[in-house]
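Let me begin by presenting the structure, written as structure tokens, before commenting on it.
Every chain is numbered from 1, with letters handed out A, B, ... down the list of sequences. Quick caveat: nothing in here was measured; it's all calculated off a predicted structure.
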Number of protein chains: 2
Amino acid sequence: MRGTARGVVDADELAVLKRLALDGGFKGTHKTSCSDLGETLEVSTQTASRRLQRLEELGLIDRDTVADGQWIAITDDGRQRLHAEYTDYRRLFEQGTRIELAGAVESGMGEGKHYVSRPGYMRQFRDRLGYEPFPGTLNVGLTEASEQRRGGLSSLDAIRIDGFETADRTFGPAVCYPAQLIATDVQYDQAHVIEPERTHHAADSIELIAPDRLRDVLALADGDQLRVVVTDA
Amino acid sequence: MRGTARGVVDADELAVLKRLALDGGFKGTHKTSCSDLGETLEVSTQTASRRLQRLEELGLIDRDTVADGQWIAITDDGRQRLHAEYTDYRRLFEQGTRIELAGAVESGMGEGKHYVSRPGYMRQFRDRLGYEPFPGTLNVGLTEASEQRRGGLSSLDAIRIDGFETADRTFGPAVCYPAQLIATDVQYDQAHVIEPERTHHAADSIELIAPDRLRDVLALADGDQLRVVVTDA
DNA sequence: ATTACTAGTTTACGAGTAA
DNA sequence: TTTACTCGTAAACTAGTAA
């Protein structure tokens, strides 16, 4: 027998419901077809058709099939089911502490690139942050109030980057904090604040790393305002 | 053939990953067993076992099986996959009820004061907004992207302010939306966006009212950047 | 207890096709 | 073009069992 109880939406069907919602059926009605849907979900039109039928049976969507497709509206039950899922994910990602810093983009002194691109660090970034950062840092000069708040970073759980030695010199350990960046009209979720581990001087700026060149993806120039939401690792 | 491509987590597996995360594997490591997991997921222990194996193959979890169960930790890839899901659901539930506009403070033409201070409006502000606004409005010129989003305001629940007539003339109805204002380092929660009810022209700026003179409490001058988070009433 | 293999069964899939 | 049926097949399931 199948595991899920009768009348309960299974994971595949829920994924379809989410897709429909994202594509516009969340508020109001939205036109699609089984072949369209099958393509985005990477299943056959037959499967798409069957899943829509089942979502309708479960009372999660209302349908109006016409000659060239169908109009779909998500019911209150459907919205409720999606909201339950939303709540689960919020529990995962919103429970930690968050510290909001504000400041202006400033030109770094080029050191960032030198350090970040060292293989000894790069390897750890890939393993512990989940990506290889763009070889360079974005420097943000903090406002006075943010300078105060910056001290709170040490209370967050950090991702530790170990120091190492080369023939020439020693590279010290560092710590990273997950950060969400909010520019005027764009938002970016995959960045990290990075700072030397044992330094509490010069707290008037922070350095950011990310898989992308932040100046490009956020369309930033020197002096642009940026809000940085730092969270627990 | 099955629909999903090799190497891609399917909906069932993702549901297991979420379950593991919620049960404690999200930060650090967490002990469970196939029978435990099978029970909460309403599948057999065999299926639970297989799904865990597959999540491990996909690199989404690390496992350490011991005599009486197994220790599970979600990998960075796993967290990333969950975060992608979280982002989807946020788009569904935070977009509709929350519209973020950005712009720069601009000098109004003094009309705001004239209208807002009319007793016929003031009485309603006190009753329906819970305060008597400062007699004047703060005008915010929107960025291009925010002009686009501004249209979404009409999908929010508004507070209606009725029109009325005096001996001289007619004052039309208006609508208000609760708004949170975010200046560089100060935040203000008690403001409202106000606009004439039946006007969809000139969407390049918004007007704000609040119990206080916003230019004072937020230390704003013409041209200063301001973020306006508009929510449902 | 566990995990996970093998075997047999059920379910879900895509192809073909009718309306 | 659509949606949704039937049908043969492949995948995923549960039961039984070994380690």
Side-chain angles (χ1 to χ4, degrees), chain A residues 1-20 23-25 29-75, chain B residues 1-20 23-25 29-75:
Chain A
M1 202 183 72
R2 201 82 207 297
T4 43
R6 179 188 303 284
V8 176
V9 65
D10 76 15
D12 282 328
E13 289 151 2
L14 186 63
V16 179
L17 188 63
K18 190 193 79 172
R19 184 76 265 149
L20 292 170
D23 289 347
T29 206
H30 155 240
K31 180 132 180 245
T32 187
S33 75
C34 292
S35 42
D36 273 6
L37 199 59
E39 227 169 279
T40 59
L41 294 167
E42 299 184 70
V43 296
S44 66
T45 57
Q46 295 89 333
T47 295
S49 171
R50 233 180 302 105
R51 292 203 182 151
L52 288 175
Q53 288 176 63
R54 183 139 164 100
L55 285 174
E56 189 179 28
E57 279 169 27
L58 292 168
L60 302 177
I61 61 171
D62 286 331
R63 293 199 300 162
D64 183 15
T65 64
V66 291
D68 63 338
Q70 50 194 298
W71 292 91
I72 291 179
I74 293 176
T75 63
Chain B
M1 202 182 71
R2 202 79 207 300
T4 45
R6 180 189 302 284
V8 176
V9 66
D10 76 15
D12 283 327
E13 289 151 3
L14 187 63
V16 178
L17 188 63
K18 191 195 77 172
R19 185 75 264 150
L20 292 170
D23 289 347
T29 207
H30 155 240
K31 181 136 179 237
T32 187
S33 76
C34 291
S35 43
D36 273 6
L37 199 58
E39 225 168 282
T40 58
L41 295 167
E42 299 184 67
V43 296
S44 65
T45 57
Q46 294 88 334
T47 295
S49 171
R50 227 179 319 100
R51 292 203 183 152
L52 289 175
Q53 286 177 62
R54 186 141 159 88
L55 285 175
E56 189 178 28
E57 279 169 28
L58 292 168
L60 302 177
I61 61 171
D62 286 331
R63 294 199 298 162
D64 183 16
T65 64
V66 292
D68 63 339
Q70 50 194 297
W71 291 91
I72 291 179
I74 293 176
T75 63

**Study point:** B/Lys31: which of B/Asp23, B/Ile72, B/Val66 passes side chain to side chain contact (heavy atoms under 4.5 Å, CB included)
**Key:** B/Val66

**Study point:** Value rounded to 0.5 Å, distance of SG in B/Cys34 from CD in B/Gln70
**Key:** 5.0 Å

Point to revise | d(CG, A/Leu41; P, C/dA12) in whole Å | key: 17 Å

Check your understanding: Atom CG of A/Asp36 and atom P of D/dT1: how far apart are they, to the nearest Å?
Key -> 13 Å

Point to revise | Between C/dG14 (P) and A/Leu37 (CG): distance, integer Å | key: 12 Å

Review point. For A/Leu52 and D/dT3, what is the distance between atoms CG and P respectively, to the nearest whole Å?
Key: 8 Å

Review point. Could you state the interatomic distance from CG (A/Leu55) to CD (A/Gln53), rounded to the nearest 0.5 Å?
Key: 10.5 Å

Check your understanding: Among residues 65-72 of chain A, which contact DNA chain D at a heavy-atom distance under 4.0 Å?
Key -> A/Ala67, A/Asp68, A/Gly69, A/Gln70

Review point. Under 4.0 Å between a side-chain N/O of B/Ser44 and OP1 or OP2 of D/dA15, yes or no?
Key: no

Check your understanding: Under 4.0 Å: is that the gap between some side-chain N or O of A/Gln46 and OP1 or OP2 of C/dG16?
Key -> no

Exercise for review: Return the value, rounded to whole Å, for the distance between atom CD of A/Glu39 and atom P of D/dT1.
Suggested key: 13 Å

Point to revise | Paired nucleotide for C/dA15 [Watson-Crick or G-U wobble; both distances under 3.5 Å] | key: D/dT6

Exercise for review: For A/Glu13 and C/dC13, give me the distance from atom CD to atom P, rounded to whole Å.
Suggested key: 9 Å

Check your understanding: Any side-chain heavy atom of B/Leu52 within less than 4.5 Å of one from B/Leu20?
Key -> yes

Check your understanding: B/Thr47 has a side chain; which of D/dT14, D/dT3, D/dA4 sits nearest to it?
Key -> D/dT14

Practice item. Look at the side-chain N and O atoms of A/Arg54 and state whether any lies under 4.0 Å from the OP1 or OP2 oxygen of C/dA12. Key: no

Point to revise | Sugar-phosphate only, base, or nothing, as touched by B/Ser49 at under 4.0 Å among non-hydrogen atoms | key: base

Exercise for review: Could you tell me the separation between the CG atom of B/Leu58 and the CZ atom of B/Arg51, rounded to the nearest 0.5 Å?
Suggested key: 13.0 Å

Review point. Within this structure, what is the CG-to-P distance between B/Asp12 and C/dA12, rounded to whole angstrom?
Key: 10 Å

Practice item. Over all heavy atoms of both residues, which pair between B/Leu37 and B/Ala48 is shortest? Give the atoms and the distance, please. Key: CB-CB, 4.3 Å

Point to revise | Length of the line joining A/Arg50:CZ and D/dT6:C1', which is rounded to integer Å | key: 11 Å

Check your understanding: For C/dG14, does OP1 or OP2 lie under 4.0 Å from any side-chain N or O of A/Arg51?
Key -> no

Check your understanding: Checking side chain to side chain donor-acceptor pair (under 3.5 Å) against A/Glu13, which of A/Arg50, A/Arg54, A/Lys18 comes through?
Key -> A/Arg54

Check your understanding: Is B/Thr45 touching bases, backbone alone, or none of the nucleic acid, heavy atoms closer than 4.0 Å?
Key -> nothing

